[in-house]
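The next block holds one structure in the form of structure tokens; read it before the comments.
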Amino acid sequence: MSETFYIVPEKQHNDLIAAAYQHRGFHADEAAEGARFCAEATRHGIRTHNGLKALHLDHLFGSGSKGCVPGAQIQEIPSRFPAAKIWNANKKLGQSTAYRAMDEAIRLADKYGVGTVSVDNAFHYLWGGGYVMDAARKGYIAYTNCTAALAEVVPFGGKFPTLGTNPHSWGFPTTAAVGYPIVIDWATSVVAMGRVQQLKREGKTLPPLAAVDKDGNPTTDPNLATSLLPFGAHKGYGLSLINEIVGGFIGGSLPTIRNRWDQAAGDKGTCCFFFQVIHPDAISGGAFAKGRNQAENVKAVIADVLGHGNEKSMLPGQLEAGWAKHTAAAGGLLFSKAEVEAFNELATEAKQPLWNLDSFKTVTL
């Protein structure tokens, strides 16, 4: 079903997002990184993690609570492994921390073939796919996972939410092969809570068996949804558990008290991040069939997967690449009427000019 979007100039969007962050006490560099991230999410059609979600999360759990400290500085913890950095984020804005961690992992990969950055005391970084996509565009294989802001997912076979939505994100440098980076990015719940909020805003329903109400009963009404279910039953549960265990090794504490500061006295309620970047040369065996080089071999593998009658199959990252083309063709970032109205609430908070719907062109997709 087609939908009409308002075309908002990217600078106008970024100015508002940065102003909103600075109004809450964030430094100019953090505000700019927050705005950059929100624009990238919107550009690629990630409406569940745009500026509305980012600032709502900050209000609930970040600078509006105890989970994020504007102006915080990252502390590097001594490590005996030169290719593996360990950081204490000191509750710095998640997007700022993530951009810097991925850049550091890339630097390490250039030197050692692989680089990892583990981050303790973090504030949630939102859309992990954006960070691995950026690294993949630069020619690297990248991975990140994080513990989500809250435990709001019920484990397979259970009835109480003890897991986060706990995303995994992989990015592959496949632009030469298919025209865009393949980005495999998913929450380990059927839907993210941001999707619940978006559908509530748009007056739409959830898919079946994605969420439960306060009594643990499945519901498709986003107004009644209080907890989420893992995708793929035990498989999604296992993938979600990976993040909690990795976080536990880094320094994260109990998932059920994360960002629940009334329950975390004397404990830790912060998130953990893990980043890994691999230089493609570091994993090349060199013995590619038929004299192909590495890039040609990857292209041949993808072509085989999509061959044999599978030509209509989609690659992960294809939808995001398609949405980025729509954004470029429109000449601005695309928002629904409900989203524009929600942005005006942020403008009022930050004492910025309101967005006038009549001043924006529209496009129907």
Side-chain angles (χ1 to χ4, degrees), residues 1-3 40-41 43-49 109 113-114 127-145 156 165-192 195 206-210 229-243 276-329 334 365:
M1 185 172 66
S2 61
E3 186 173 0
E40 282 299 295
R43 185 187 333 281
H44 292 91
I46 310 300
R47 298 171 65 193
T48 58
H49 288 74
V114 62
W127 175 46
Y131 309 112
V132 298
M133 181 185 292
D134 188 51
R137 283 202 199 97
K138 296 173 182 176
Y140 301 90
I141 300 167
Y143 170 73
T144 183
N145 75 40
F156 178 68
T165 51
N166 291 359
H168 292 256
S169 307
W170 280 97
F172 296 91
T174 55
T175 300
V178 299
Y180 50 86
I182 288 179
V183 175
I184 302 169
D185 170 66
W186 68 91
T188 47
S189 53
V190 175
V191 296
R195 178 68 169 164
L206 287 160
L209 299 178
L229 293 172
F231 78 81
H234 61 285
K235 297 179 181 179
Y237 164 51
L239 287 167
S240 181
L241 188 60
I242 288 172
N243 296 32
Q276 176 178 272
V277 170
I278 303 169
H279 195 295
D281 291 350
I283 60 172
S284 173
F288 303 111
K290 296 187 175 181
R292 294 189 290 257
N293 62 28
Q294 188 183 52
E296 292 168 340
N297 199 58
V298 169
K299 184 174 183 178
V301 168
I302 296 170
D304 191 46
V305 170
L306 296 182
H308 317 283
N310 296 330
E311 289 79 10
K312 293 184 178 180
S313 296
M314 297 186 68
L315 288 169
Q318 187 172 336
L319 286 175
E320 290 84 349
W323 196 268
K325 288 182 179 179
H326 290 314
T327 301
L334 307 181
L365 300 174

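Predicted model, so just to flag it, every value in this text is computed and none were measured.
Applying the salt bridge (charged side-chain N to carboxylate O under 4.0 Å, His left out) test to Asp134 and every residue at least two apart in sequence or in another chain returns Arg36, Lys138. Applying the ring-ring contact (aromatic ring centres under 6.0 Å, His included) test to Tyr140 and every residue at least two apart in sequence or in another chain returns His279.
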Residues 316-324, side-chain donor-acceptor partners within the protein, below 3.5 Å, at least two apart:
unit_1 : atom_1 : unit_2 : atom_2 : d
Gln318 : OE1    : Tyr180 : OH     : 3.4
Gln318 : OE1    : Leu315 : N      : 3.0

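The CG atom of Asn297 sits 11.0 Å away from the NZ atom of Lys290 when rounded to the nearest 0.5 Å. Within the model, atoms OH of Tyr131 and CG of Asp185 stand 11.0 Å from one another, a figure rounded to the nearest 0.5 Å. With values rounded to the nearest 0.5 angstrom, Thr175 atom OG1 is found 9.5 Å from Met133 atom CE. In this structure, the separation between OG1 on Thr174 and NZ on Lys299 is 11.5 Å, given to the nearest 0.5 Å. Atom CG of Leu241 and atom CZ of Phe156 lie 13.5 Å apart (nearest 0.5 Å).
Residues Gln294 and Asp281 form a side-chain contact, since some pair of their non-hydrogen atoms from C-beta on lies under 4.5 Å apart. Side chains of Val298 and Phe172 form no contact here, defined as non-hydrogen atoms less than 4.5 Å apart. Taking the side chain as every heavy atom from C-beta outward, Val178 and Leu306 never approach each other to under 4.5 Å. Looking at heavy atoms from C-beta onward, Phe231 lies out of side-chain contact with Val191 at the 4.5 angstrom threshold. Using a 4.5 Å cut-off on side-chain heavy atoms (C-beta onward), Ser169 and Thr144 make contact.
Of the possible donor and acceptor atoms, one in the side chain of Thr188 sits under 3.5 Å from a partner among the backbone N and O of Asn166. Between the side chain of His168 and the backbone N or O of Leu239 there is at least one donor-acceptor pair closer than 3.5 Å.
When all heavy atoms are compared, the tightest approach of Gly113 to Ala282 is O-CB, 3.4 Å. For the residue pair Asn243 and Pro167, the shortest heavy atom distance occurs at ND2-O, 3.0 Å. Nearest heavy-atom pair, Pro181 versus Ala136, reported as atom, atom and distance to 0.1 Å: CB-CB, 3.7 Å. Scanning all heavy atoms of the two residues, the minimum distance from Ala210 to Val190 falls at CB-CG1, 3.6 Å. Ala142 and Ala135 get closest at one heavy-atom pair: CB-CB, 3.7 Å. Here the shortest heavy-atom pairing between Glu296 and Arg292 reads OE1-CA, 3.4 Å.
Within 6.0 Å of atom CD1 in Ile242, more than 12 heavy atoms from other residues, nucleotides or ligands are found, so the atom counts as buried in its surroundings.
At a threshold of 4.0 Å, the pair Arg43-Glu40 counts as salt-bridged, since one of the basic side-chain nitrogens sits closer than that to a carboxylate oxygen.
Considering Ile46, Val132, Thr48 as possible partners of Trp127, the one that fulfils the side-chain contact (heavy atoms from CB on, under 4.5 Å) test is Ile46.
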